[in-house]
Structures are given as C-alpha cells and as structure tokens.
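See below for the structure under consideration.
All chains are named by letter (A, B, ...) in the order of the sequence lines, taking the proteins before the strands, and each is independently numbered beginning at 1. Keep in mind it's a predicted model, so treat the numbers as computed, not measured.
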Amino acid sequence: MSEHIVSWKVYLVIFVLLMVGTGTTVWAAFQNFGPFNIVIALGIATIKATLVVLYFMHARYSPRRTQLVIVCSVFWLAIMLALTLADYQTRQPRESRLSPSVVSYHA
Amino acid sequence: MPDTHYLNATYGYGIRTWLLTTDHKRIALLYLCSVTVFFFIGGVLATMIRIHLLTPGGALVTPETYNKLFTMHGVAMIFFFLIPSIPAVLGNFLIPLMIGAKDLAFPKINLLSWYIYIIGGCFVLYSFGTGGLDTGWTFYTPLSSVYSNSAVTPAVVGIFINGFSSILTGLNFIVTIHTMRAPGMTWFRLPLFAWAHYATSLVMILGTPVIAITLLLAGLERMFHLGFFNPALGGDPILFQHLFWFYSHPAVYIMVLPAMGVVSEIIPTFARKPIFGYSFIAGSSIAIAVIGFLVWAHHMFVTGESTYAALTFSFLSYLVAIPSAVKVFNWTATLYKGSISWDPPMVYALGFIGLFVIGGLTGLFLACLGLDIHIHDTYFVVAHFHYIMVGGAVMGYVGGLHFWWPKITGRLYPDSLSRFAAVILFVGFNLTFFPQFILGYLGMPRRYHTYPPEFQVLNVLSTAGASILALGYLLPMVYLAWSMRYGKVAGPNPWPATGLEWKTDSPPPTENFHVTPEVTWEPYDYNSRPDLGLAAGKPLAPAHGDD
Amino acid sequence: MQSQLPLYPPEASNFAPHVDALMVFITSVCVFFTAGITIAIVYFFFKYHRKAPDAVGIPIHEDSRLEAAWMIVPLILAMAMFGWGAVVYVDYRHTPRDTLDIYVTGKQWMWKLQQPNGLKEINELHVPVGRNIRLILASEDVIHDFFVPAFRVKMDVVPGHYNTMWFRPTKAGRYHFFCSQYCGTNHALMGGWVTVMEPSDYAAWLSGSSGGSDQVVAGEKLFAEKACITCHVPNGTGRSPSLNGLYGAQVLLADGTTVTADEAYIRESILQPNAKIVAGYQPLMPTFQGQLTEEQILALTAYIKSLQSQPVPVKGSGIAPPTGKK
Amino acid sequence: MRECRVHRTGDLFGQFQTLEQQKETAALGMWIFLATEVLFFGGMFLTYTINRHFYFTAFGIGSNTLDIKLGGFNTVVLILSSLTMAMAVWSAQTGKKKLVTGFLIATLSLGTVFLGVKVIEYKQKFDHHLIPGHGFDMTYRSSHPTPADDPREIAAEKEEVEKAFASDLDTNAHAQLYFSLYFAMTGLHALHMIVGAGLLVWLIKESFRGRFSPQYNTPVEIVGFYWHFVDIVWIYLFPLLYLIDRHR
Ligand code: HEA
Ligand code: HEA
Ligand code: CUA
Ligand SMILES: [Cu+2]
C-alpha cells in the first residue's frame, strides 16, 4: 500500500468550503424556514463533517476497512437515534409531546 | 515443562514484573485473579440473598440491606465479573496465540485497560463499603438519580471508568485480528473462538460508549441536581431506559458470545472432527452481534412504550434467536460420527449446551409480548438470565479454563474430580434456578425481600440448590490451584487439539512462538494433521455425506 | 382447584386463559427442542464414544440444506410465537369504551386507589365481576408497577405521565397485587389485595362504605380555586374553549391534526398547554406544572369528564372562532 | 533474543513485522476509537434531541443567550486548526521537518485560543446565573442588566423570556435542562480538546527532535485523526447549541 499524499491545495479548498458552510449555517439560522431550519443546519453540518472525514482525514484514500469502520459507526448511531425516536413518535397521544405542533407554533 | 516460558522468563516472578508487564498472557492472568475476586464477592452476596429468602419474612437482613445485596450482586457479577471474564482472561491469553501473533496490537493499551478495570473496581468497592448501593443493577431513574440514599455516585463513576477497559479490550482484539494474523491464517481459517471474540468486540466498542455516557449523565444529574432523566425537572425517565438498554441488551451477548466461542473449540476437539457448519457458526456470531443491537426495548414492554415500538422490538428479538439456534444445532451435529471422549472440558461444554438452550428458549417467552406482560420483572426473568449467564456463560468460562489450563500453567488437574465438579454444578444449578421459573409464573416479583408464604416451598428448594452450586464452584477453585504445583505436566498438546495455540510450548514462551508459524491447514481438520500423532481418519464415509 | 404446588396462579380475568394458552404453546415448542437436542446429544455421545485412544471422527463439513432447514423451522415457530403474542398484546392495549375507571396513584411505598365515585382505598381494590375495569396510573415519585398475577396484567406507573391498563375480572375472590418495578426500600411491601365481587355486592359495598370526598366535587372546587373558571366559562369565551363535552371528543389542533380528548390529553393540556393548541385559539393558557399534585390533577380530570353529561352548548355565535371540536 | 520480545528496533515495535503493518494497525486503532467516540457523543445527542422537542421554547431562549460572535469565532478557529493539523501531516509526509513543527505549534495555539474563548463564555454564563443548580435563574440577566449591556438586546430578551414563562411556568427548569446539556456537551468537547492539546505538546516535542519523516509519521497522522474528529463534533454542536430559534 503506497501512501497517498493529499496536496496542500486540496486542503486549502476544503478549508474555504468549510468556511462557506459555516457562513451559510449562520445566515440560514436567521431566516425563517419553519421546520426546515433544523434540517438545513444539520444538512450543512453533515456536508462539512463529510468533507473533513474524506479529505482532512484521508478517508477517501484509506483502505476499505477504514471506510467500513466509518460507515459502521454512523450506522450504529442511526440505529440508536431511529429506533428510540420511533418509540417517541408513535406513542399514544399522551406521550406525543414530540408532536409537530410544538414546533409549528414557533414557526 | 520447557525451561523458560512467559511465567519465568526475562524478569522472573517479582511483583513489579507483573504490574508492569505488557505480555498479553501475563495480563490475562492479572485479569484472572481480579475477576475471581469479584466472582467471589458476587457469590457471597448471592449466598446471602438465598439464605435471606429461606423464610417469607426474610431470614437474614433488613429490607435496605437486602436491596443492597442484590444490587451489588448484579453489579459485581455483570460489570466486573462476567463481561471481562472470558474476553479479558481467555481472549487475552489466546487470541494472539491462536492467530500466530507475538502479542496484541497494542500491548501497552492492554495493560492500561487492566489498570482502568482496577480503578473502576476500586470505585465500586468503595461504594459497596461506604453505604452500599440499592438501585438495582439497572440504575433506573429517578430512583437512582434522586431518591436513593446509597452511594450511587462512586458506583456510577466506577462503572463509567470500567467501560473504557472494555472498549480498549475490544479495540485491541479487532485491530489484532485484522492486522496481526500469521501467514496463511485467512479469515476462514480463524478459530471460531476468534470469530466469537471479533463479534464480541464489535459490541464492546459500539455499545459500551453509550452506557458510559448514560451513567455519566445520570451521575451528573445526581451530583448537580440536573434534570436529564428526572420528570420533576422536565426530564424523561424512559429515555434513560432506552439508553441503558441500548448497551445492556447487546452486553448480554458480550457475556455469551465468548462462551459460545469456547464451546465451538471444545466440541470439535473432543469429537475429533471438524466442526459442522464452520461458516454458519462464524457468521451467526456476527449476526448475533448486529441484530442484538436492534432489540433493546424488549426490556421495556410495560413502561408504556408505543405499541408499534413494542411490536418491532418483539419481532426483532425473535430474529436474534435464529443465529443462536444455528449454533446449537451445529454443535449437536458435530457430535455425529465423531470420536467422542468425555474429558472434563467436554463435560462442561455439554452442560453449557443444555443450560444455554433452556435459558435461551425461556428468552422466547419473555420476547413474547402477550406473555411478557405477566412475567416481566418476576422470578421468571431471574431464572432466564441465570440460566444463560450462570448456566451458559459461567459454565463456558469454567469449561474454557479447564480446556486451556494445561496451556496456561503447563499442568493437568485431576480428571475425575473435575468431571464430578461439572456434574455437581449442573445439578446444583438446575435445582437453584428451575424452581424460579415456576415462582415467576406464579407471580413472585423479583427484588423482593419478603414474599407471601405460598411461595416458600419453591424458595427453599432454590436455596438448597444454591448450596450445592456453591460447592460446584468451590471444587474447581481448589483443584485448579492445587494443580499449579502438583498437577501432571501437560506437554504442548495434551488433548490433542488442532489450534495454533497448541503448536507452541505449554506454557508458551514470552514471544509465543519460537518461529513465526505458517498455517497450511483448515480449521479443526484432524485428517490433514499427521503431526498430532492420531490415526488419520479413514474416509469411511463421503466428506459431505448426509447418511 | 389448585393443588399444593400450583404451576400457575388462579385465572381470574379475561386475559388469563389467553396468556396461559400462549404459555402452554411456547412451553411445548421449547420442551420439544430441549428434549430433541438432549436426546441427540446423549445418543451421539454413547453411539460415537471414542473406540481407540488415537481414533478420529469422520469429517463432515457442512450441508446447506440442513442449515437452511434448521434456520427456517425455528423461524416459523418463532413467528408463530410473535404473532400470537402480538394479538394478545394488542388486546391488552386496546381498552374497550365502557370501562369503570379507577384512579391509581403509586408512591413510595403505598397505593392509593380511587373508585369512580371518589371513594378512596389504600392498598385495597374492590371491583365487580364482569365489568371492564380501567386503571389510570400515576406516580408521585419513582417508577412503580401495578401487577395482579391472577389477572395476568401489569403496567409501569411512571412519574410524569399517565399509563392506563384494563381487564375484566371473571371470578370473584381475593387476589394479591404487587408493585413489580423496584422502587426502593419497601418495594416488597408495596402490595395489597384486589377483591372481586359480584356486581350486587359491589354496589352494596360502594354505597355502604361512605366517606371519601367526591372526586368530581373536589375537582369542581379546584376548578374555581385555581381560577380555571375565569377562562373556561361554560359557554366558552372567544379566548378559551369550553370544556363541556370535551372528554372523548376529537379535538382539531392548530397544526391540523386531531387528537382524542382522553385523560392523558386533559392532563397534558393542564401541564403543558402549549404542546397541543386547539385550532382557533391562542396559546394563552398558563401551565400548571408544579402547582398541582397528582391527586389534584386527577380530581380536575374527573371534573372535566363529568362535564360530559351536561348538554353541550350550541356554539358558533359568529364571534367565537371555530371550536375545533368535530 | 529469547527473553524479550516487545523490544523495539528504531521506530518498529516488537509485536509487528514491518513499519507498514505498524502504521496500518495504529491508524485502524484510532479509527475504531473514533467510532466509539461517535456513539459516546451520540448518547448525549439523543438526550438533546428528545428534550429539545419537548421544550422547544425554553431551548430557544436558552440558546439565544449564547454569544453567536464568540461561537462563530470559535468555529472558525477550530476549522483553521484542522487545516493546520492537516498541513502538519502533509509536511511530515513530504519531509519538511521545520514546517511540521510550525504547523503543530499553530494547531496547538489555535486550540488554546478556542479553549480560552470557551472560558470567557462560561464566565459569562456564570455571571448571568445560568449555571444549572440552585442559583439558576433564566430571568437574571434581563432583570439585572449591567451598563455594558445593550439595552435593546436586554429588552428583547426580557420580552422573549416573559413570553416563554407565560406559556410554560416551568421555563426555568426547562431552560436549565438546555444549559445542563450545553455544559455537558461543550464540557465534554473541551475535555477532548484538552486531551488533544496534550497529544500535540508531545508531538511538538518529538518533532523538535526531528522524528517525523516521510517514512515515519504515524503519530502525527493519528493524532490528526483525533483532532479532526473533535472538530467535527463542534461542527454539529455549533448549530445545535447556538442557532436554535434565532430568527424572530
Ligand atoms: C448472557 C445473557 C443473556 C442472553 C444471551 C440473553 C438472550 C436472550 N434474551 Fe435475555 N436477559 C438477560 C440476559 C440474557 N438474555 C438478562 C440479564 C435479563 C434481565 C435484565 C434485568 O432486567 O435485570 C434478560 C431479560 C430478557 C428480556 C426482558 C424480560 C423482562 O424484563 O420482561 C427479554 C425479552 O424479550 C429477553 C429475551 C432474550 C432472548 C430472545 C434471547 C435470545 O438471544 C436467546 C436465543 C437462544 C435460543 C432461542 C436458544 C437456542 C435455540 C434453539 C434451541 C432452537 C429453537 C429456537 C426457536 C424455536 C426459535 N431477555
Ligand atoms: C454473571 C452474573 C451472575 C451470576 C454468576 C449470578 C450468580 C448467582 N445468582 Fe444472581 N443475579 C445477577 C447476575 C448473576 N448472578 C443479576 C444481574 C441479578 C439482578 C440484580 C438486580 O435485580 O439488580 C441477579 C439476581 C439474583 C437473584 C434475585 C434477587 C432478587 O431479585 O431479589 C438471586 C436469587 O436467588 C440470585 C442468585 C444467584 C445465585 C444463587 C448465584 C450462584 O450461581 C452464585 C454461586 C457462586 C458462589 C456461591 C461463589 C463461589 C463459591 C465459593 C467461593 C464457595 C464458597 C462460598 C460459599 C460457601 C458461600 N441472583
Ligand atoms: Cu413501588 Cu416497587
Ligand atoms: Cu435483552
């Protein structure tokens, strides 16, 4: 396995993209997109995180098993979040404190 | 015995050479001593529980003390005995040997994880000593975070710390199995013990962090009066249960998978034939580890979780039973047309199968939604998990100790005495815990220091069984200790078995192998191993015969 | 007739026969597998016992058809267990309409139970045979669990929200109930007796044992004391909805969804008014979280439910916004 | 050679056969460690998510008391430190020994700046009685403005807080829940930064001795992984904690 050296130019480009992402996040937070504010915020954060993982952390050039580790960790996190939230979302009315009305009132 | 081996080479026996060692084999022995201490503590507490329950009113202690007894029993047994037992003792000792490596990938981290375990253990013992712990091993909030007056904080800190020991062990195993295999040791030549530990490690690294953070939050809640899980301050106690079981259900597979690995080694060795369905057993370990993460809320069927969630989790709980079934059937099939002996490890392994099957099958009762409503939090549950954990996992651990004892110490233990101990264990165990299934169905709730008189007969039976069981544990402790000095010298491969670990001296040298081994044979393949000195099996039947 | 060493508790509710049948089914499957495996092991063990010290077995590696078979057969049986269990469970969760409601409050370490007419009992519960009984469970401190083995019912009592459970007693008698979620020092003492009576005896018992303030009356008093009445006047003002006939109705919410106004909804409306806003109203109602004890909330709920029987006033004078009740 | 096996030859530890194997192993170890970290933080993110859904208003007013300028500045600082860390790895890989040290020092300095700003922010919360515990008071700042505070800002905050209290009398408890999570999450993040800073100090020491070269740079690379991960956590924490309900 010969090591892949990422050029410093790539790093700079990624850095600039991350900055743009940060700016966009802040800007979007001050707009009213209703329930989509959180979606946008997390979406951008995820893109930023992906860039860091792929380039700064060289995941793009790493062996398959490293990529597998990354996928697994995210997948397990998703299991935890999804199944727990599924319980909260489908509770009988009394427990649907999570109901969208809470959010929509503020929107 | 070889002149130099890991026990006496280099540094000799001095205490500092033990406390600073990075040799996985010595670290395994450090773990062996420490988990035994916790087993002993847990066992004494269990004995007190059983004596107390002899009479309906409670024969021994006050209610507070009784509650502390079972809590400390559960905490000591689960977090400080059973979870580290097989992985940290046998896994640590054997994985590098089995894959032909000189050590684990990160020897220093291995030692570190033992120290972490000890520090965590000290915190927990401190909590036991200063006020005890009366929350149940499940630490449900708000009882643990607000209402309990016992020493919850140090216990939680101790378990939090101990979690990292488990994480680091799992990490070490996975990396080692990935990168340190000897030439020729392909994935499908790995011993099933290694597969089981790979699966176990997956659970350790992906589950343990969640219990760590959960207990951290609960501890902070208790220390600083925060409200994460306290409804009085807006928190949600059910969320705690979700987080707790996200780890603690998969954790039951940390306990049983390694034991299954042990059995998968013992059975082919004493049946002297390749294990039936190697790839299915290997794959089922991984399947158990993965599906095991999807079933946690089956502990919460009556908390008021949503009906849909309950249905989902019940369904998935049944799925996770299938890979376990696969293992049991394959072990049984391995005996077919074998050349079976009943050396002590084999007796333990067969005992494991019997008790694990009962324990596992009673899991099916609990996973059944309509039935769990009635038996949840009764002695039925207590019986279920003791069957799997004590009858299954501990039996596997003791069996594994017997199997590899000659490798670890270079000596053999008395043959018939150890077989006798296995039988005592089996009988005592059933007498202790079978009555509890009936008790549970009759409606005796668990964690009760006093109970209605109609339950007394079964409780007395159970206590009687426990005293036989205690004897069953005492015996091996005595004769194994005895054998270290007076046992017969074992030689490198006393059984004989096919694994790589048996190709080196007993006890092995510090560097494990004098020359890096190369693997050219399939696992458990007696027929291509003239070096074992056995009559090469005459092919009486076609290799894939289904006659 | 229970023998000296019974294997199951008395069957005294509608659920008991189903649960016991399920138990018999799963037990037989499990006995079948345990016996099968044990017999196979013992048989192989003796049949293939080692003949000579250096004998080896015959290598048989794998058989995919066999593997498939012993995955599929258990899977089918497991699915049968799941399916049957699910059916019974759905029955548990599906409360019928005509229930006799009993409020149950758990606290360390006692149970307070309240009959619909306000009669209070401690660690004792009287119910008539043949009626559907619903328990509405609340906790004042930690998690408890209400468990009646003879009825095969059990439900956690969780602080912070209501759980409910139901059953129909089928046999008169006196049965144990227990707290089955560990709740601290005297967890084991937190139990009592359910007395199942013939309906006539029950009626006699109810009228015979006076005492205990009427739940609805207490609720009415609180309704005034806590100033609910200032907003919730019987005919509804423009700003606050009337509560008449609320219980059991479908309420249209501001976000367009509807909910059934059950106890839990009423409770939530009092404690977290903003969680669900009735369509057409502003979120003006303050929360009463922390100002009412569980018992007071129960009383208020009982009172609001009692408004049921009064004629529902005609709404929609043109000034009031849509009431949100369909 | 029989006695001592885990001896090292140069940079190669005894349990390995080749430097390459050693490097792969170390990298895999670090990645797996980071996987556990994902789940570790994940438990807290789940707690956050569920409570935020329960108490959106209270979380909003809590979040609005955070200083978006400081938070934003810190975000930039941390991402910049990720860049310098990546550059340090690059310098090591390309054999620029001086640059390695330089970039490592830059990374450490940026990390320290981040922690310094965090201290300032914590201090503010302390002054405003926003530390969870008995003294916690969501209304404190708006009712005790200091001359330094912008009166318009205070008025806005006051209105907002009053509105929240009107709809939810338990706003104080629920906002406290927000701050409990805020401190738990940022505190744990900061703890990771401190560990990272410790690792950087060690790397700098080694790199002064010229240890890192195109052949041997594993430590720089795996500490880099860790540092980037801590950065990623912040990438999520920033919008989740600072940017709730900002528009209004
Ligand atoms: C090592 C530990 C261990 C293991 C391996 C298991 C394995 C299983 N457990 Fe168990 N369990 C515990 C330890 C363990 N459990 C503990 C400690 C508790 C209580 C915690 C507490 O509250 O304190 C508990 C509680 C518990 C509950 C909650 C009960 C309650 O509180 O109400 C449930 C419910 O679903 C459950 C189910 C199962 C199932 C389905 C399996 C399955 O994995 C079992 C699979 C195995 C088999 C099925 C046997 C082999 C198969 C065959 C012989 C073929 C035939 C098979 C079929 C027909 C399908 N367990
Ligand atoms: C690995 C886990 C493990 C193990 C090995 C055991 C082992 C035993 N357990 Fe335990 N148990 C749990 C895990 C375990 N348990 C858990 C998690 C709980 C739930 C806790 C909770 O509710 O929070 C529990 C609860 C529990 C209860 C229920 C308490 C209650 O709900 O009120 C009971 C009651 O009988 C019990 C009994 C026993 C017995 C008799 C043994 C025996 O097998 C022990 C035998 C061992 C020894 C006795 C020590 C070794 C022997 C010697 C050194 C000989 C000399 C000693 C003497 C003569 C005393 N256990
Ligand atoms: Cu109340 Cu147990
Ligand atoms: Cu489980």
Counting C-beta onward and ignoring hydrogens, is there a side-chain heavy-atom pair between [X] and [Y] closer than 4.5 Å?
X: C:Gln108; Y: B:Leu143; answer: yes
X: C:Ile41; Y: B:Ile353; answer: yes
X: B:Leu369; Y: C:Tyr92; answer: no
X: C:Tyr43; Y: B:Tyr336; answer: no
X: C:Asp141; Y: B:Tyr147; answer: yes
X: C:Phe45; Y: B:Leu350; answer: yes
X: B:Pro142; Y: C:Pro159; answer: yes
X: B:Thr362; Y: C:Cys30; answer: no

C:Phe151 ring center near B:His374 ring center (under 6.0 Å):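 Centroid distance C:Phe151-B:His374: not below 6.0 Å, so no.
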
Pair C:His61 and B:Tyr278, ring centroids less than 6.0 Å apart: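 Distance test on ring centres: not under 6.0 Å, no.
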
Side chain to side chain contact (heavy atoms under 4.5 Å, CB included) between B:Phe329 and C:Leu66, worked out: CA-CA 10 Å; B:Phe329 294 132; C:Leu66 209 51; over 6 Å; no

For the residue pair [Y] / [X], report whether a side-chain donor-acceptor contact shorter than 3.5 Å exists.
X: B:Tyr441; Y: C:Asp20; value: yes
X: C:Glu67; Y: B:Asn330; value: yes
X: B:Thr307; Y: C:Arg93; value: no

[X] (side chain) donor-acceptor with [Y] (main chain) under 3.5 angstrom:
X: C:Thr185; Y: B:Glu64; value: no
X: C:Lys154; Y: B:Ile373; value: yes
X: C:Arg152; Y: B:Leu371; value: no
X: C:Asn163; Y: B:Thr303; value: yes

Parallel, tilted or perpendicular: ring planes of C:Phe178 versus B:Phe455, cut at 30 and 60 degrees: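 The arrangement is tilted - the two ring planes meet at 30° to 60°.
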
Ring geometry between C:Tyr182 and B:Phe70 (parallel below 30°, tilted from 30 to 60°, perpendicular above 60°):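 Ring orientation, 0 to 90° scale: perpendicular.
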
Under a 4.5 Å heavy-atom cut-off, does chain B meet the side chain of [X], its backbone, both or neither?
X: C:Gln181; result: both
X: C:Val19; result: both
X: C:Thr38; result: neither
X: C:His176; result: side chain

Choice from C:Ala150, C:Cys183, C:Pro149 maximising heavy atom contacts with chain B below 4.5 Å: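 Heavy-atom pair counts peak at C:Pro149.
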
Relative to chain C, which segment of [X] carries a heavy atom at a distance below 4.5 Å: side chain, backbone, both, or neither?
X: B:Ala321; result: neither
X: B:Ser148; result: neither
X: B:Thr334; result: neither

Neighbour count >12 (heavy atoms, 6.0 Å) for atom CH2, B:Trp342: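 Not more than 12 within 6.0 Å, no.
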
